[in-house]
Amino acid sequence: MDYSKLCETYLGLEETTKRLEKTEILSKLLKNTSVEELKEIIYLIKGRVFPDWDERKLGMSSKLILKSISNASGASKEKIERLWKKIGDLGKVAEELMKDKKQRTLHNKKLTAKKVFDNIKKLPELTGEGTVSRKVNLIAELLSNATPVEARFIVRTVLEELRVGVASGVIRDSIAKAFNIEVKDVERAFELLNDYGEVAEKAKSGKRSLRSVSINVGKPIKVMLPIRVNLIEDAFKALGKTVQCEIKLDGFRVQIHKKGEDISLFTRRLENVTNQFKEILPILKKNVKGDSYILDTELIGFNPKTKKYLPFQSISHRIRRKYDIEKMAKSLPVEINIFDVMYYNGKNLFDKTLKERRKILEKIVNEERRKIVLTEKLITDNKKSIEKFYKESLNEGYEGVIFKKIDSEYKPGRYVKGWIKLKPIMETLDLVIIGGVWGEGKRATWLSSFALGCRKGNKFLEIGKIGTGIKEKSEGVTFKQLTKELKPYIEETKGRTVKIKPKLIIEIAYEEIQKSPTYSSGYALRFPRLLRLRDDLSIKDCDDIERVRKFYLAQRKISEEKK
DNA sequence: TTTGGCTGCCC
DNA sequence: ATTCTGC
DNA sequence: GCAGAATGGGCAGCCAAA
């Protein structure tokens with residue numbers, strides 16, 4: 001397939017916001033795609049070259065793409081930075097610059113989808129000295145042979161940000177439509193295979209082939225996710241009468257696959273982390289019965305001396321580690337908290353109820369404190385007991401609770417009403433805006449991220465940035481309004497980043513105050529978001545570092561960390 | 001040899 | 001992770 | 001309510017620059 005044909009589809013998809021129209025456009029393309037190319041085209045439509053479960057990484061993002069654009073177009077880095085700030089999309093920047101260039105050199109080879117796919121696929125293979133320039137050249141070569149529009153989408157594909165409003169939902173519906181199969185059959189096949197390329201191939205060869213798909217132990221599946229509510233009343237509203245309350249621990253979500261003697265561990269984003277946590281494999285073999293299984297768990301770090309749980313930041317040292325793994329396993333051991341089972345001894349348990357799945361867990365797991373346990377839970381239909389469970393969980397220092405409908409099925413990869421997350425809301429901070437970053441995509445013409453300061457005497461110290469909780473449309477605090485108000489106070493511009501004179505106070509909510517190695521105040525906020533403008537306050541009223549420190553010391557701590 | 005920019009992925 | 005928005 | 005697209009801090013590893 002010519003890459004230009006694919007780009008036409010991208011343009012069509014980008015043009016409409018309607019999902020049904022997107023489905024129509026995409027299903028047409030899929031119908032006209034040969035079996036040989038189907039997989040690649042599906043990946044490219046998702047803005048990738050690999051399926052979700054594939055662990056290869058391109059190792060190329062905005063800063064390196066910028067170099068490729070510079071090489072291919074001859075424009076300086078500064079010029080590209082300027083355009084990027086203005087347009088908010090490196091793809092469109094490449095398009096503009098290649099337009100200028102193309103007027104001079106008109107003859108180039110026609111790009112095929114395969115050529116684009118193959119060049120990008122080569123990126124992960126490059127390692128060692130000279131890697132960066134080789135990667136840059138590989139993409140520059142594609143850009144040089146591309147039409148301006150093709151350049152736009154090549155850049156976005158490498159960035160894995162296609163921005164045409166297509167992700168798994170539209171792809172699912174398009175496959176169903178293209179091959180005349182029910183959406184729910186396509187969805188189920190994807191739950192099992194986790195690869196829309198393969199699903200499309202099966203769908204093309206018919207309903208029977210799609211239905212014969214089964215789970216592949218050792219290949220990660222997507223996990224079920226809870227919806228968040230802020231009030232316990234909202235949780236009651238969404239849940240059935242009987243509720244399973246579970247404590248929420250602040251560790252890593254890990255799914256454990258066992259098939260015969262082989263055990264593999266995967267994160268929520270499907271990365272294989274078996275090597276990082278090898279020390280738990282013998283525990284699993286000893287304490288969990290069964291020839292094959294898939295378990296849903298949270299790994300939580302604890303202090304080996306005091307046996308107390310540790311905050312997330314401690315065990316975050318372990319997840320991506322490649323060196324000193326064994327040493328780390330000793331100084332930062334983890335406890336396996338099992339809360340679900342999706343597959344057992346050859347049987348897929350997605351359609352079983354939570355009650356049934358938990359029953360299986362209780363039969364097969366032999367618990368050992370600080371090694372392997374079933375997540376602490378309470379099953380009740382009494383509101384008072386639920387409230388008490390929540391309160392006590394917070395008192396224990398846990399992150400919060402998860403409420404689950406007792407008869408809920410397991411829905412891989414979905415945020416569903418059957419699972420509800422409740423965490424406490426911390427006291428907010430009033431902080432001053434001291435900088436900003438120009439936005440991308442939909443937010444291209446606005447300042448869309450804001451640097452925050454807290455007061456120390458007459459000065460302001462950085463305490464992080466904030467970019468969510470602000471509205472694009474409608475009522476409330478909008479990006480447009482903030483940009484307009486702050487623009488006159490911009491003191492300095494560096495690429496897409498600006499410094500802003502302290503003027504405007506905003507109220508910020510967050511989950512936790514952390515010690516920060518990057519910000520000058522020494523603190524940063526975990527999951528910050530904007531609640532409202534405080535134009536009733538002047539910069540003198542900005543919360544100071546002492547108040548931040550006071551909150552830091554007062555907040556939930558599951559263990560005293562000695563550092 | 002050290003430092004720092006960049007990327008990808010945990011939350 | 002949280003949040004907003006169009007369907 | 002779902003799906004998609006914006007955005008946060010911090011960490012390890014890799015490579016290039018200092």
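Not measured: the values here are computed from a predicted model. In what follows, chains are A, B, ... by sequence order, proteins preceding strands, each numbered from 1.
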Give a yes/no on whether any side-chain N or O of [X] is located under 4.0 angstrom from OP1 or OP2 of [N].
X	N	result
A/Lys515	D/dG10	no
A/Tyr323	D/dC14	yes
A/Thr468	D/dA6	no
A/Thr17	C/dC7	yes
A/Lys417	D/dG1	yes
A/Tyr510	D/dG8	no
A/Gln313	D/dC11	yes
A/Lys46	D/dG4	no
A/Ser449	D/dA6	no
A/Arg163	D/dA6	yes
A/Arg443	D/dA6	no

Under 4.0 Å, counting only non-hydrogen atoms across every strand here, what does [X] touch: a base, just sugar-phosphate, or nothing?
X	value
A/Leu525	sugar-phosphate
A/Val437	nothing
A/Glu161	nothing
A/Ile470	sugar-phosphate
A/Arg321	sugar-phosphate
A/Lys135	nothing
A/Lys22	nothing
A/Phe527	base

[X] bridged to [Y] by N-O distance under 4.0 Å:
X	Y	result
A/Arg163	A/Glu14	no
A/Arg56	A/Glu125	no
A/Glu511	A/Arg228	yes

Measure the acute angle between the ring planes of [X] and [Y], then classify it against the limits of 30° and 60° as parallel, tilted or perpendicular.
X	Y	result
A/Trp446	A/Phe479	parallel
A/Phe252	A/Phe312	perpendicular
A/Phe190	A/Tyr196	parallel

Please give me every residue in residues 165-174 of chain A whose heavy atoms get under 4.0 Å of an atom in DNA chain D, ordered by residue number.
A/Gly165, A/Val166, A/Ala167, A/Ser168, A/Gly169, A/Val170, A/Arg172
Residue pair A/Pro517/A/Phe450 against DNA chain D: nearer the 5' end by closest nucleotide is A/Phe450
If you assign A/Val132 and A/Val416 each to the DNA chain D nucleotide with the nearest heavy atom, which residue ends up on the more 5' nucleotide?
A/Val416
Considering only atom C1', compute the distance from D/dT7 to B/dC9 and round it to an integer number of Å.
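Roughly 16 Å separates the two C1' atoms.
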Position toward the 5' end of DNA chain C (nearest nucleotide), A/Arg529 or A/Leu20
A/Arg529
Closest to the [X] side chain: [options]?
X	options	value
A/Thr127	D/dC15, D/dC11, C/dA1	D/dC15
A/Tyr519	C/dT5, D/dC11, D/dG9	D/dG9
A/Arg228	C/dT2, D/dC2, D/dA6	C/dT2

Looking only at heavy atoms, what is the nearest atom pair of A/Gln276 and A/Ile319, with distance?
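Between these two residues, the closest heavy atoms are CG-O, 3.2 Å.
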Heavy-atom side-chain contact between A/Lys122 and A/Leu138 under 4.5 Å:
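With C-beta onward as the side chain, the pair touches.
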Taking atom CD1 of A/Ile256 and atom OG1 of A/Thr297, what is their separation to the nearest 0.5 Å?
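Going from the CD1 atom of A/Ile256 to the OG1 atom of A/Thr297 covers 4.0 Å.
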Whether each nucleotide of nucleotides 2-9 of chain B has a protein heavy atom under 4.0 Å at its base (B), only at its sugar-phosphate (S) or at neither (-) is summarised, 5' to 3', as ----SSBS
